[in-house]
Undergrad: 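Starting off with a structure, shown below.
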Amino acid sequence: KFFTTLGIILFMSKYTVQDEYPVICVDVIVFNNENEILLTRRAIEPQKGKWSIIGKRIKPTDDSIEASVKRGVVEETCLVVEIENLVDVIGDPKAQSLADPRFYVVQVLYTAKVVAGQIQITPEADEFKWVNLDEALKENLAFNHHQLLKIFKSKKENNALIPVERSKYTEMYGLEMSYSQNLYPRLAVDSIILNDHNEILLARRSQWPYVGCWDFPGGHIYVNETIAECQKREVMEELGVEAEPGKLFHVYADKGQSPKFMDVAVFYFAKINSTDFVKNIEMDDFAFFPLNKLPEKIVYHHDRALTDLRKYLNL
C-alpha cells in the first residue's frame with residue numbers, strides 16, 4: 001500500500017499529457033478581516049510573474065475537496081484559512097487555453113478567510129498584496145482568474161453564494177486509501193431530479209461498483225464537453241430522456257466515497273422532458289422516492305447529498 005500511494009504522488013507530480021478526463025483544480029479567493037483579496041505573484045511557470053488568486057490540483061491523498069483548498073493555501077502562502085462559500089464550478093474545453101494552457105481544467109471556486117499564520121514567500125509565490133475586489137479586477141491576472149473574480153462578484157450581488165457546510169463521509173479521513181483504478185481524481189456530474197411532490201428520482205445500478213444500489217443519474221465528464229453537456233449526455237445514457245440543466249447544488253468529494261478513484265461529485269438540479277425511462281447497461285430500474293422514505297442501499301455515500309437536500313427543501 002505504501003508503494004501504491006507513493007506511486008500516485010510521484011506520477012501526479014509528472015502529469016504532462018492530457019488524458020480523456022479533465023484535471024480538477026480548486027481555486028480560492030482569500031479574504032482578510034478588511035475584506036481585501038489576496039493576490040500572489042507567480043514564481044513558477046506557466047505565467048510566471050503574473051498576479052493570481054490561489055489555485056491547486058486536487059490530490060487522491062487529500063481527505064476532502066475542502067482539505068485540498070486548505071492545503072493549497074498553506075503551500076502557496078503559509079496562511080491558514082477557514083472556507084466560507086462555494087462559488088461555482090467552471091469547465092469549458094473551448095476556454096482551455098485561458099484556464100490553463102497545458103490541460104483542460106475543471107475549476108471548483110471557493111472563498112475563504114484567513115484565521116491564522118503569517119504570509120511567507122514560497123517556491124510558488126514570491127510576492128503578495130491585499131487589494132479590494134475592484135482593484136483586483138483591474139489587474140492583468142494569470143490564467144482566467146479575472147473571469148473567476150467576475151463570477152464571484154456576480155454571485156455575491158445576486159446572493160447566490162453557496163455556504164460551504166455540507167454532510168461529509170469521514171471514515172477514511174487521515175487513513176490511506178488504495179483506489180482500484182486511475183491515479184488522478186475524476187469529476188462526476190450528478191443530477192437532482194424532483195417531481196411535483198419533491199420526490200427524488202433515483203436509478204438502480206446494474207454495473208460494478210454498487211450493483212443493486214440506488215444512484216443519482218450522472219457520470220464522469222470528458223475533455224470534449226462542458227459540464228452542462230456532460231449532464232445532458234449522462235441523463236440520456238442512464239434514463240433515456242432529455243434533460244435541462246439547472247443551478248448548482250453542492251460539491252461532494254471525500255476520500256473513499258468511490259472505490260475506483262478520488263471522486264469529485266458535482267450535483268446540479270435538472271428538469272426532464274419525460275418519465276418514459278429506458279433500462280440500459282448501467283441502470284435496470286427507476287423510481288421517485290419521498291426524501292423521508294429512501295431506499296437503504298445508496299451508492300457512493302450519496303446519502304450526504306440527500307440529507308442536505310432535505311434541509312434545503314425544509315423537509
Side-chain angles (χ1 to χ4, degrees), residues 8 11-12 15 17-26 57-62 64-65 68 86 88-96 99-100 103-109 169 177-193 201-211 213-243 245-246 248-270 272 280-284 298-302 304-305:
I8 289 173
F11 194 35
M12 284 197 65
Y15 192 117
V17 179
Q18 176 75 68
D19 67 8
E20 61 181 325
Y21 301 100
V23 175
I24 312 172
C25 289
V26 287
R57 295 182 195 171
I58 295 174
K59 294 182 178 180
T61 49
D62 291 332
S64 65
I65 192 167
S68 301
L86 169 64
D88 208 348
V89 182
I90 301 96
D92 185 350
K94 298 182 181 65
Q96 174 182 340
D100 191 312
F103 314 109
Y104 173 24
V105 173
V106 172
Q107 298 163 284
V108 187
L109 179 62
Y169 171 68
M177 177 70 194
S178 295
Y179 294 105
S180 65
Q181 301 174 20
N182 294 318
L183 299 179
Y184 302 107
R186 296 287 177 249
L187 185 134
V189 183
D190 291 299
S191 291
I192 297 172
I193 299 171
L201 175 62
L202 299 176
R204 192 172 65 188
R205 291 182 61 86
S206 55
Q207 282 188 331
W208 182 88
Y210 299 112
V211 174
C213 297
W214 293 88
D215 196 1
F216 289 83
H220 294 99
I221 187 171
Y222 292 106
V223 293
N224 63 341
E225 58 188 359
T226 65
I227 292 171
E229 289 167 348
C230 173
Q231 187 175 11
K232 290 180 179 181
R233 173 182 58 77
E234 286 291 344
V235 170
M236 177 57 71
E237 289 178 358
E238 297 189 354
L239 301 181
V241 301
E242 294 182 355
L248 175 65
F249 177 63
H250 222 303
V251 177
Y252 293 81
D254 296 310
K255 183 191 291 182
Q257 70 184 30
S258 168
K260 295 189 290 185
F261 30 65
M262 180 64 172
D263 197 43
V264 179
V266 183
F267 284 81
Y268 288 87
F269 290 98
I272 52 176
N280 55 80
I281 193 173
E282 296 184 69
M283 305 297 186
D284 63 10
I298 303 291
V299 304
Y300 300 117
H301 307 282
H302 283 343
R304 297 163 298 155

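Worth saying up front: this structure is predicted, and the values here are computed from it rather than measured.
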Undergrad: Mind listing the closest non-hydrogen atom pair of Val223 and Asp19 along with its distance?
TA: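 Residues Val223 and Asp19, closest heavy atoms: CG1-O, 3.3 Å.
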
Undergrad: Check Gly256 against Tyr179 and note the closest heavy-atom contact, atom names and distance.
TA: N-OH, 3.2 Å

Undergrad: In chain order, what residues pass the salt bridge (charged side-chain N to carboxylate O under 4.0 Å, His left out) check against Asp190, with sequence neighbours excluded?
TA: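 Testing Asp190 for salt bridge (charged side-chain N to carboxylate O under 4.0 Å, His left out), a comparison that skips the adjacent residues, returns none.
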
Undergrad: Is it true that a side-chain atom of Gln107 and a backbone atom of Gly91 form a donor plus acceptor pair closer than 3.5 Å?
TA: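 No.
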
Undergrad: Give me the atom names and distance for the closest heavy-atom approach of Gln231 to Pro245.
TA: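 Closest pair (atom of Gln231, atom of Pro245, distance): OE1-CB, 3.1 Å.
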
Undergrad: Can you name the closest pair of heavy atoms from Leu187 and Ile24 and give their distance?
TA: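 Closest approach of Leu187 to Ile24, heavy atoms only: N-CD1, 3.4 Å.
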
Undergrad: Can any side-chain N or O of Asn280 pair as donor or acceptor with the backbone N or O of Glu282 at less than 3.5 Å?
TA: yes

Undergrad: Inspect the contact between Arg304 and Asp254 and indicate whether a charged nitrogen and a carboxylate oxygen are less than 4.0 angstrom apart.
TA: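 Judged by the 4.0 Å cut-off on N to carboxylate O distance, Asp254 and Arg304 do form a salt bridge.
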
Undergrad: Flag the pair Phe269 / Ser191 as yes when at least one side-chain heavy-atom distance between them is below 4.5 Å, and no otherwise.
TA: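 Not in contact.
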
Undergrad: If you measure from the Lys or Arg side-chain nitrogens to the Asp or Glu carboxylate oxygens, is any gap between Glu237 and Arg233 under 4.0 Å?
TA: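 So Glu237 pairs with Arg233 through a salt bridge.
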
Undergrad: Quick one: closest heavy-atom pair of Trp208 and Ser180, and the distance?
TA: CH2-OG, 3.6 Å

Undergrad: Is any side-chain heavy atom of Met236 less than 4.5 Å from a side-chain heavy atom of Glu242?
TA: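 A side-chain contact exists here, since the closest heavy-atom pair is under 4.5 Å.
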
Undergrad: What's the separation between atom SG in Cys25 and atom CD1 in Ile58, rounded to the nearest 0.5 Å?
TA: 7.5 Å

Undergrad: Does Lys260 offer a backbone N or O that forms a donor-acceptor pair with the side chain of Ser258 under 3.5 Å?
TA: yes

Undergrad: Start with the C-alpha gap between Ile221 and Ile227, add the side-chain angles, then the distance that decides, and say whether side-chain contact (heavy atoms from CB on, under 4.5 Å) holds.
TA: CA-CA 7 Å; Ile221 187 171; Ile227 292 171; 4.0 Å; yes

Undergrad: Once you round to the nearest 0.5 Å, how far does SG of Cys230 lie from CG of Asn224?
TA: 10.0 Å

Undergrad: Should we say atom CD of Gln207 is surrounded by more than 12 heavy atoms from elsewhere, each under 6.0 Å from it?
TA: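 More than 12 heavy atoms, drawn from other residues, nucleotides or ligands, come within 6.0 Å of this atom.
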
Undergrad: In terms of the angle between their ring planes, are Tyr222 and Tyr21 parallel, tilted or perpendicular, with boundaries placed at 30° and 60°?
TA: parallel

Undergrad: Evaluate the side-chain proximity of Val108 to Ile90: yes if any heavy-atom separation is below 4.5 Å, no if none is.
TA: no

Undergrad: Taking the side chain as every heavy atom from C-beta outward, state whether Pro93 and Thr226 have any pair of such atoms under 4.5 Å apart.
TA: yes

Undergrad: Run Lys59 and Met262 through side-chain contact (heavy atoms from CB on, under 4.5 Å) and show every step you take.
TA: CA-CA 8 Å; Lys59 294 182 178 180; Met262 180 64 172; over 6 Å; no

Undergrad: Please check this pair: side chain of Tyr104 against backbone of Glu225, looking for a donor-acceptor N/O pair closer than 3.5 Å.
TA: yes

Undergrad: Is the shortest heavy-atom distance from the side chain of Ile193 to the side chain of Leu239 under 4.5 Å?
TA: yes

Undergrad: Testing Tyr169, Trp214, Phe267 for side-chain contact (heavy atoms from CB on, under 4.5 Å) with His302, which one passes?
TA: Phe267

Undergrad: For His301, what residues pass the side-chain hydrogen bond (donor to acceptor under 3.5 Å, both in side chains) criterion, not counting sequence neighbours?
TA: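 His301 satisfies side-chain hydrogen bond (donor to acceptor under 3.5 Å, both in side chains) with no other residue.
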
Undergrad: Pair Val251, Val264 - check side-chain contact (heavy atoms from CB on, under 4.5 Å), show working.
TA: CA-CA 7 Å; Val251 177; Val264 179; 3.7 Å; yes

Undergrad: Inspect the contact between Arg186 and Asp263 and indicate whether a charged nitrogen and a carboxylate oxygen are less than 4.0 angstrom apart.
TA: no

Undergrad: To the nearest 0.5 angstrom, please state how far the CZ atom of Phe261 sits from the CE atom of Met177.
TA: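 Here the interatomic distance stands at 11.0 Å.
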
Undergrad: Run the ring pair (Phe, Tyr, Trp, His ring centres under 6.0 Å) check on His250 and Tyr268 step by step: do they pass?
TA: CA-CA 7 Å; His250 222 303; Tyr268 288 87; over 10 Å; no

Undergrad: Do the non-hydrogen side-chain atoms of Ser206 and Met283 ever get within less than 4.5 Å of each other?
TA: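 No, every pair of side-chain atoms sits at 4.5 Å or beyond.
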
Undergrad: Would you call the rings of Phe249 and Tyr252 parallel, tilted or perpendicular, taking 30° and 60° as the class edges?
TA: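 Parallel.
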
Undergrad: May I ask you to check whether Ser68 and Asp62 show a side-chain donor-acceptor distance below 3.5 Å?
TA: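 Yes, a side-chain donor-acceptor pair sits under 3.5 Å.
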
Undergrad: Provide the closest heavy-atom pair for Val241 versus Val235 in the form atom of the first, atom of the second, distance.
TA: O-CG1, 3.6 Å

Undergrad: Going by heavy atoms in the side chains, are Val23 and Asp100 under 4.5 Å from each other?
TA: no

Undergrad: Evaluate side-chain contact (heavy atoms from CB on, under 4.5 Å) for Asp215 paired with Arg204, printing each intermediate quantity in order.
TA: CA-CA 6 Å; Asp215 196 1; Arg204 192 172 65 188; over 6 Å; no

Undergrad: Donor-acceptor pair, distance only, cut-off 3.5 Å: does the side chain of Tyr300 make one with the backbone of Ala265?
TA: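 Looks like no, no N/O pair under 3.5 Å.
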
